[in-house]
There are 2 protein chains.
Amino acid sequence: MRPNKRAELIRKSLELFYRNGFHATGMDLVAAETGVSKTSIYKHFRSKEELILAVLQLRDEDFRNWLYRRLEELADTPRGQLEALFDVLEEWFGQPGFQGCMFIKASAEYQSGKDPINMQSAEHKRLLQEHFAALAAKAGAADPAALARQLMILKEGAIVLAAMSHSAAPAKDGRQAALALIKQAVR
Amino acid sequence: MRPNKRAELIRKSLELFYRNGFHATGMDLVAAETGVSKTSIYKHFRSKEELILAVLQLRDEDFRNWLYRRLEELADTPRGQLEALFDVLEEWFGQPGFQGCMFIKASAEYQSGKDPINMQSAEHKRLLQEHFAALAAKAGAADPAALARQLMILKEGAIVLAAMSHSAAPAKDGRQAALALIKQAVR
DNA sequence: ATGTTTGTGTACCGATCTGTAAACTTTCAC
DNA sequence: GTGAAAGTTTACAGATCGGTACACAAACAT
């Protein structure tokens with residue numbers, strides 16, 4: 001029961017779930033792809049749901065860390081970081097394996113509001129919105145929370161359309177819209 | 001093989017797939033809920049995929065007809081109809097069984113760009129975007145296609161966040177953003 | 001060396017998946 | 001009435017689902 005084996009399991013499962021979907025990815029496939037027998041997997045995770053939750057937690061940390069860091073690298077003012085959001089998203093959309101947002105897909109497959117998978121996905125979005133609201137406040141927006149909600153809408157919409165159209169173009173349209181909204185909100 | 005039986009089958013399947021998801025809804029459940037045996041179902045549809053495609057086609061017609069009609073009822077100018085978009089969406093979000101966009105969920109479960117289910121979902125979005133672009137052109141937008149793409153992004157984002165937050169509130173934020181973008185695009 | 005603990009893989013469980021073969025019931029032409 | 005055609009049900013096939021019992025192997029303490 002080495003802890004790095006567990007981490008490896010989560011990392012590989014993330015890839016499989018992201019590419020194939022949750023229901024469509026069986027535990028037998030996870031076992032085959034990781035080279036770890038199902039019995040061993042079930043020593044680390046009591047159920048498939050628990051594995052999925054661990055995967056989502058890893059994804060949440062990785063994605064938010066990556067996004068926040070890229071924003072800081074591209075701009076050193078709060079407003080600049082908000083304006084750089086869709087440049088970072090465009091990078092993401094252009095990455096080879098891009099297949100949309102894992103949390104949108106998770107909540108699409110597990111729709112019950114009481115489902116832990118659904119709740120954890122909603123929490124990820126809440127954390128992002130909070131971050132944007134903090135940036136908007138520092139940038140001097142009249143209503144930072146409202147601007148953050150608008151940017152979230154643009155972000156989710158751009159992700160969905162980029163995934164469905166297999167193109168990074170929605171990032172450009174999202175960027176244009178975001179710049180207009182930011183300009184309007186920060187006077 | 002009465003045709004109304006087929007329509008009834010599609011209608012009930014739509015409800016089941018929308019509520020439970022596609023992979024999570026088995027053909028046995030469809031048979032149980034419709035009172036039609038699986039063998040009879042498979043006389044009407046050669047496969048589950050074909051049933052899903054029929055469901056998506058019905059959904060596309062129903063949804064677009066409903067949306068376009070509501071827009072016309074709320075406004076009689078192209079610009080007014082674009083501005084009314086999020087009022088109509090808010091109605092939708094507030095309906096009891098609202099669970100997000102069926103096409104987003106379909107393309108989330110069937111991600112391959114070559115999958116007929118994925119392609120049909122993308123086509124639905126294309127038709128909507130075309131409609132918005134025509135309205136934008138009639139409204140006198142400088143770049144009608146660009147405005148249509150921006151409104152699509154807002155629309156998809158609002159749908160996703162409304163479904164994930166189990167709230168109609170994103171419609172209000174989307175509306176505010178849409179008004180600003182329309183004002184900017186139509187000078 | 002020997003007993004114990006810890007971890008692993010094989011081989012399986014019952015349930016459910018999509019899809020079908022074969023028997024039966026209805027419909028309708030003549 | 002009788003035979004063909006169409007539609008339906010029961011019952012099942014083969015595969016796969018999430019999850020586990022059990023035998024075995026490695027590591028460790030004594």
Side-chain angles (χ1 to χ4, degrees), chain A residues 1-57 105-106 108-112 114-118 120, chain B residues 1-57 105-106 108-112 114-118 120:
Chain A
M1 196 117 76
R2 295 168 310 185
N4 54 337
K5 198 83 179 171
R6 179 188 160 98
E8 168 77 14
L9 222 40
I10 297 175
R11 212 186 49 72
K12 185 70 184 173
S13 300
L14 184 142
E15 192 189 314
L16 291 172
F17 287 136
Y18 184 59
R19 275 216 319 263
N20 298 26
F22 296 95
H23 283 100
T25 303
M27 295 300 279
D28 286 301
L29 181 64
V30 173
E33 288 286 316
T34 56
V36 179
S37 72
K38 277 203 292 179
T39 307
S40 289
I41 296 177
Y42 277 98
K43 292 285 182 199
H44 291 283
F45 307 97
R46 259 174 294 183
S47 64
K48 183 180 183 180
E49 174 177 297
E50 207 171 84
L51 172 59
I52 292 176
L53 288 172
V55 162
L56 291 182
Q57 188 180 338
K105 298 198 286 193
E109 289 203 48
Y110 302 90
Q111 314 186 42
S112 162
K114 300 188 163 190
D115 191 308
I117 294 174
N118 190 293
Q120 189 152 332
Chain B
M1 195 116 79
R2 296 169 307 184
N4 54 336
K5 200 80 179 173
R6 180 188 159 98
E8 167 78 14
L9 222 40
I10 296 175
R11 213 186 48 73
K12 186 69 183 175
S13 300
L14 170 79
E15 190 189 316
L16 291 172
F17 287 135
Y18 184 59
R19 274 216 320 264
N20 297 40
F22 296 95
H23 284 100
T25 302
M27 295 299 277
D28 286 300
L29 181 64
V30 174
E33 290 285 318
T34 56
V36 179
S37 72
K38 276 201 294 177
T39 307
S40 288
I41 297 177
Y42 276 98
K43 291 283 182 199
H44 291 282
F45 307 97
R46 259 174 295 185
S47 63
K48 183 181 181 179
E49 174 178 295
E50 207 171 83
L51 172 59
I52 292 176
L53 288 172
V55 162
L56 291 182
Q57 188 182 336
K105 298 198 286 194
E109 289 203 49
Y110 302 89
Q111 314 186 44
S112 163
K114 301 185 163 191
D115 191 310
I117 295 174
N118 190 294
Q120 188 151 333

May I have the distance from B:K5 (atom NZ) to C:dT26 (atom C1'), rounded to whole angstrom?
14 Å
Rounded to the nearest Å, what distance is computed from the CG atom of residue A:D28 to the P atom of nucleotide C:dA15?
18 Å
Roughly, in whole Å, what's the span from CG in B:N20 to P in C:dC17?
11 Å
Please report the distance, rounded to the nearest Å, between CE in B:M27 and P in D:dC17.
19 Å
Nearest heavy-atom approach of B:S37 to B:A31 is C-CB, 4.3 Å
Working to the nearest 0.5 angstrom, can you tell me the gap between A:N118 CG and A:L56 CG?
10.5 Å
Looking only at atom types and distance, does a side-chain atom of B:E109 sit under 3.5 Å from a main-chain N or O of A:E109, one as donor and one as acceptor?
no
Anything under 3.5 Å between a protein N or O and an N or O of nucleotides 20-28 of chain D, put it in a table, one pair a line.
from	atom 1	to	atom 2	distance (Å)
D:dA21	N6	A:T39	OG1	3.0

If you define the side chain from C-beta out and look only at heavy atoms, does anything of A:F45 sit under 4.5 Å from A:I10?
yes
How sharply is the helix from C:dA1-D:dT30 to C:dC30-D:dG1 bent, taking the axes over five pairs at either end and rounding to 10 degrees?
10°
Rounded to whole Å, please give me the gap between CZ in B:F17 and C1' in C:dC17.
13 Å
Between P on D:dG18 and NE2 on B:H23, what's the gap in Å once rounded to a whole number?
12 Å
Side chain of A:E33, backbone of A:K12: donor and acceptor closer than 3.5 Å?
no
Is it the case that A:K105 places NZ or CZ above or below the six-membered ring of A:F22, under 6.0 angstrom from the centre and within 45 degrees of the axis?
no
Given DNA chain C, 5'-ward residue of the pair A:G35 and B:S47, judged by closest heavy atom:
A:G35
Examine C:dG9: is either OP1 or OP2 under 4.0 Å from a nitrogen or oxygen in the side chain of A:S40? Give yes or no.
yes
Under-4.0 Å salt bridge between A:K5 and A:E8
no
Does B:Y110 reach the side chain of B:E49, with side-chain heavy atoms less than 4.5 Å apart?
no
Which of C:dT18, D:dG18, D:dT9 is nearest the side chain of B:S37? It is D:dT9
To the nearest angstrom, the CZ-P distance between B:F45 and C:dT20 comes to 15 Å
Just the rounded figure in Å: distance from C1' of D:dA15 to CG of A:L29.
15 Å
With the side chain counted from C-beta on, respond yes when B:Y18 and B:V55 share a heavy-atom pair under 4.5 Å apart, and no when they do not.
no
